[in-house]
Amino acid sequence: MKKFSKYFDHTLLKPDAAPSDVLKLVTEAIRYDCASICVNGSYVRSARRFRDASGSDVKICAVAGFPLGAIATNAKAYEVQLALEDGAEEIDLVMNIGQAKAGNWAYVEDEIYAIGEMCHEDGAIIKVIIETCLLTNDEIVKACQSAEAAGADFVKTSTGFGASGAKVEDVELMKQTVGDRLQVKASGGIRTLDDAKAMLAAGADRLGCSASVEIIEAFEETQD
């Protein structure tokens, strides 16, 4: 059975996050043995350096195309290239939501495929953020299908910058769509142990949280 803390991508993506805040995040993720440390691209190198010095196996995750997903594919690809060069082992890529809403699924799929190939050639995994709060159920299904066809490793609910974050019903729909072929990451608004348990019960394989420490500690208290 997976260790509870290994469900968590310990996350700090606030625009005013200072280097000292990121260092605190990295220290916490290592101490609590999370799955990954999720940061903006400019902090990947320092996070990787600190992680390597610690001997921890916590992965380094970088977001790309964040938070809107609307920059050009070449710009996303270059952002990912830099993150990989700086030591990222996981990439959370925001899908082009506008192209998805317009039904331009070939564009969406081609972009994910191109960037996913870069990740896989470097030994990294790619999680595709579909921003469920902006999609209909049919679009959520199609986004998951496009991510799968493009070779993604995960589909992820949210950036945390949208109108709402992860919802149980969206996670259930995503899991029903991808089955065991892809993994599902729930992110955005997961603040309590009950929230985390609900997302895991719905089929989430990973949780993106800024409140990871509080949730893990609450879980550990129930094990005493």
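Values below: all heavy atoms of this structure, side chains included; hydrogens, waters and symmetry mates excluded. Starting from 1, each residue takes its place in the sequence as its number.
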[X] side, atom [atom1]; [Y] side, atom [atom2] - distance, nearest 0.5 Å:
| X | Y | atom1 | atom2 | result |
| --- | --- | --- | --- | --- |
| Y32 | H10 | OH | NE2 | 9.0 Å |
| S5 | L207 | OG | CG | 11.5 Å |
| I115 | Q81 | CD1 | CD | 11.5 Å |
| D9 | D92 | CG | CG | 6.5 Å |
| E79 | N74 | CD | CG | 13.0 Å |
| T11 | N40 | OG1 | CG | 10.5 Å |

Side-chain heavy atoms under 4.5 Å apart, restricted to Ile/Leu/Val/Met/Phe/Trp/Tyr: what other residues fall into the cluster of [X], or is it alone?
| X | result |
| --- | --- |
| V58 | L12, V22, L23, L25, V26, I30, I37, V39, Y43, V44, F50, I60 |
| L68 | none |
| L82 | Y78 |

*Residues two or more places apart in sequence or in another chain: which of them pass ring-ring contact (aromatic ring centres under 6.0 Å, His included) with F8?*
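F4.
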*Apply the test salt bridge (Lys or Arg N to Asp or Glu O under 4.0 Å) to residues D21 and K14: give CA-CA distance (whole Å), side-chain angles for both, the deciding distance (0.1 Å), then the verdict.*
CA-CA 10 Å; D21 299 320; K14 293 179 179 178; over 6 Å; no
*Hey, are D170 and T157 close enough side-chain-wise for a donor-acceptor pair under 3.5 Å?*
no
*Decide whether Q176 and E172 meet the rule of one side-chain donor and one side-chain acceptor closer than 3.5 Å.*
no
Minimum heavy-atom distance [X]-[Y], with the two atoms named:
| X | Y | value |
| --- | --- | --- |
| A166 | A186 | CB-CB, 4.0 Å |
| V184 | G203 | CB-O, 4.1 Å |
| S146 | E109 | O-CG, 3.8 Å |
| D205 | K2 | O-NZ, 3.3 Å |
| E89 | K59 | OE1-CA, 3.3 Å |
| K76 | L93 | CD-CD1, 3.9 Å |

*Mind jotting down which residue pairs meet the salt bridge (Lys or Arg N to Asp or Glu O under 4.0 Å) criterion with at least one end in residues 24-37? Sequence neighbours excluded, please.*
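Counting only pairs at least two positions apart or across chains, the salt bridge (Lys or Arg N to Asp or Glu O under 4.0 Å) contacts touching residues 24-37 are K3-D33, K6-D33, K24-E28.
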*Is it the case that more than 12 heavy atoms not belonging to D180 sit under 6.0 Å from its CG atom?*
no
_Using a 6.0 Å cut-off, check whether atom NZ of K167 has over 12 heavy atoms from anything other than its own residue._
no
*Could you pull out all residues at least two apart from T159 that satisfy side-chain contact (heavy atoms from CB on, under 4.5 Å)?*
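side-chain contact (heavy atoms from CB on, under 4.5 Å) list for T159, sorted by chain: F66, P67, V94, I129, E131, F161.
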_With A198 via side-chain contact (heavy atoms from CB on, under 4.5 Å) - residues at least two apart_ = V168
_Exam field: side chain S158 to backbone G160, donor-acceptor pair closer than 3.5 Å_ =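 No; zero donor-acceptor contacts below 3.5 Å.
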*asked:* If we ignore hydrogens and angles and just use 3.5 Å, is the side chain of K101 paired with the main-chain N or O of L134 as donor and acceptor?
replied: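 Pair found, side chain donor or acceptor close to backbone of L134.
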*Using side-chain hydrogen bond (donor to acceptor under 3.5 Å, both in side chains) as the criterion, list what pairs up with Q145, not counting sequence neighbours.*
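Once residues adjacent in sequence are excluded, Q145 has no partner under the side-chain hydrogen bond (donor to acceptor under 3.5 Å, both in side chains) criterion.
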_salt bridge (Lys or Arg N to Asp or Glu O under 4.0 Å) involving D86 - partner list, sequence neighbours excluded_ = R45
*E90/R206 ion pair, N-O < 4.0 Å*: yes
*Ion pair K142/D138, N-O distance below 4.0 Å*: no
Is it possible for you to say whether [X] and [Y] belong to one hydrophobic cluster, with membership spreading through side-chain heavy-atom contacts below 4.5 Å?
| X | Y | result |
| --- | --- | --- |
| V178 | M95 | yes |
| I125 | I130 | no |
| I71 | I126 | no |
| I91 | F154 | no |
| L193 | I190 | yes |

*Check step by step if side-chain contact (heavy atoms from CB on, under 4.5 Å) holds for L182 and D153.*
CA-CA 5 Å; L182 271 67; D153 302 290; over 6 Å; no
Provide the full list of ring pair (Phe, Tyr, Trp, His ring centres under 6.0 Å) pairs with a residue in [range], sequence neighbours left out, each pair given once.
| range | result |
| --- | --- |
| residues 124-151 | none |
| residues 163-196 | none |
| residues 101-122 | none |

*Check whether any side-chain heavy atom of D122 lies under 4.5 Å from a side-chain heavy atom of M118, and answer yes or no.*
no
_Intermediate values then yes/no, side-chain contact (heavy atoms from CB on, under 4.5 Å), R191 and E214_ = CA-CA 8 Å; R191 298 187 179 91; E214 293 84 354; over 6 Å; no
